[in-house]
Amino acid sequence: MTELNLEQIRNFRLHSHHLDTFYTKEDLIAAAGACGMQNSPPGAWETALYNRIPSCSQEDMNHFLYQERCLLQAWSLRGAPVVFPEEESDVFLSALIPQEDEPWIYTHGISLALDFLQMSFEELLPMLKQVMPRLNGKTIVTKSALDQTLAEWMLPLLPEEKKTLWNHPSMYGSPDKQTVGGAVVSFLLRPCAFDGLVVFGAREGISPTFTSYNAWTGHPLENQGEGEKKLVRKFLHCYGPATPASFEGWLGCSGKQARRMWKAVSEEMEPVKAAGKNAWILSEDKACLLSPKPLQRELLLLGGHDPYLDQRDRSILQPDKSLHKQIWKMVANPGTVVYRGEIIGIWTGKKKSRGMEMKITLWNGFQDKGKISVLAEEYADFRQQKLIGIEF
């Protein structure tokens, strides 16, 4: 069995994530579609795309997402907002729909509301889907307004004895702003997104907007065929060598769903040894893995939720597990300093009235702070800020 070392794996993943050299705007669709770009917290996808295509300004990104609309934002992997090529909507949306008795893993937290209403997921999701077409030609500003508007549209469909409970203050927080019905809708929006019923529109100031897929793209969600297989291939190409368990974690779905999807591509895979463990790669990626190309970019300042950092085998990125809690937090991950594919430090940036300040922590004795400072200045410039200070 072929055995792969850390350098081979890191180089391959950097190449797959379009982080090995400087790509151009002509590579936009390939870079955004490699494995999608999470946009939580808001702006995360912009930092990710900037790191792949530094010549792409924020104005360019807004144009591609909001005017040209070759990119699309919708709830996708792990139920998070993700930006991906519109032409691959079936891969990043409908491929995530469970089949038969596979559970909707993204909606576990809904049980409190279901118990309160004494209603089932299977009763409520069809009701929401019944009113979702009313989003056609309509734009709703803010997520809370979307939840409450859809909850109001559903109200006439509910049994009479459930309507008072539906309008009861939410048990999930902000009871002054959200009802139980609004909370139910919030959980059910992910399944609706996978069916192409709701997407993000253009931001209004700091507020997101929402509309239907049809209204935003001008056509219904179309199945191009083999969406599930394409999604597994994307995962293996960006995160291979990998296992079914890591695929499950990346998708945020049930083990049953992940295993079914994985099996559909099993004939295109082969086993390898990666860092002493059994894993799988796409057979067509083997030559690239065994003969990595020299990196034209060795040093990177990645955002805290960059797709490259979404590797499930985190020790590939940083072998010292005692540092992992500093990199991957429950909320608000810091940015990372990456050298030849390894995380060698973390960074945070704060906007001040005069510009941006950055704090950078390095772990492995990397001495060339001048190169890091240049990257920091370039990132601040991308964010249309002046870098007024760096603390190492």
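Index from 1, following the sequence.
In summary, the aromatic rings of W75 and F200 are positioned with their centroids under 6.0 Å apart. Aromatic ring centres of F12 and H237: separated by under 6.0 Å. If you look at Y379 and W347, their ring centroids are closer than 6.0 Å.
Shown here are the side chain to side chain contact (heavy atoms under 4.5 Å, CB included) partners of S55, two or more places apart in sequence or in another chain: K25, I53.
Applying the salt bridge (charged side-chain N to carboxylate O under 4.0 Å, His left out) test to every pair with at least one member in residues 287-313, sequence neighbours left out, gives these pairs: R13-D313, R52-D306, R78-D310, E298-R340, D310-R312.
L221 and L93 get closest at one heavy-atom pair: CD2-CB, 4.4 Å. When all heavy atoms of L71 and A32 are compared, the pair lying nearest together is CD2-CB, 3.8 Å. Of all heavy-atom pairs between F92 and L96, the closest is O-CD1, 3.3 Å. The two atoms that bring G304 and L309 nearest to each other are O-CD1, 3.8 Å, heavy atoms only.
The aromatic rings of W328 and H324 sit perpendicular, their planes meeting at an angle over 60°, well past the 30° parallel limit. Taking the six-membered ring for Trp and thresholds of 30 and 60 degrees, Y66 and W216 have ring planes more than 60 degrees apart, a perpendicular arrangement.
A donor-acceptor pair shorter than 3.5 Å can be found between the side chains of S89 and Y213. Remark: the S144 side chain and the D147 side chain contain no N/O donor-acceptor pair separated by less than 3.5 Å. Defined by atom type and a distance below 3.5 Å, a donor-acceptor pair is missing between the side-chain atoms of E228 and Q257. In the model, E123 has a side-chain atom that pairs as donor or acceptor with a side-chain atom of S120 under 3.5 Å. Remark: the S212 side chain and the N136 side chain contain an N/O donor-acceptor pair separated by less than 3.5 Å.
Judged by a 6.0 Å distance limit and a 45° cone about the ring axis, R190 is not positioned over the six-membered ring of W104.
Between the N51 side chain and the L301 main chain, a donor and an acceptor come within less than 3.5 Å of each other. A donor-acceptor distance shorter than 3.5 angstrom exists from the side chain of S170 to the backbone of Y172, with no hydrogens or angles considered.
Salt bridge present: R10 and E342 bring a charged side-chain N and a carboxylate O closer than 4.0 Å. Under a 4.0 Å N-O distance rule, the pair K234/E88 qualifies as a salt bridge.
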Begin from the C-alpha positions of Q118 and E161 and carry the test side chain to side chain donor-acceptor pair (under 3.5 Å) through to its verdict. CA-CA 11 Å; Q118 289 296 291; E161 68 274 13; over 6 Å; no

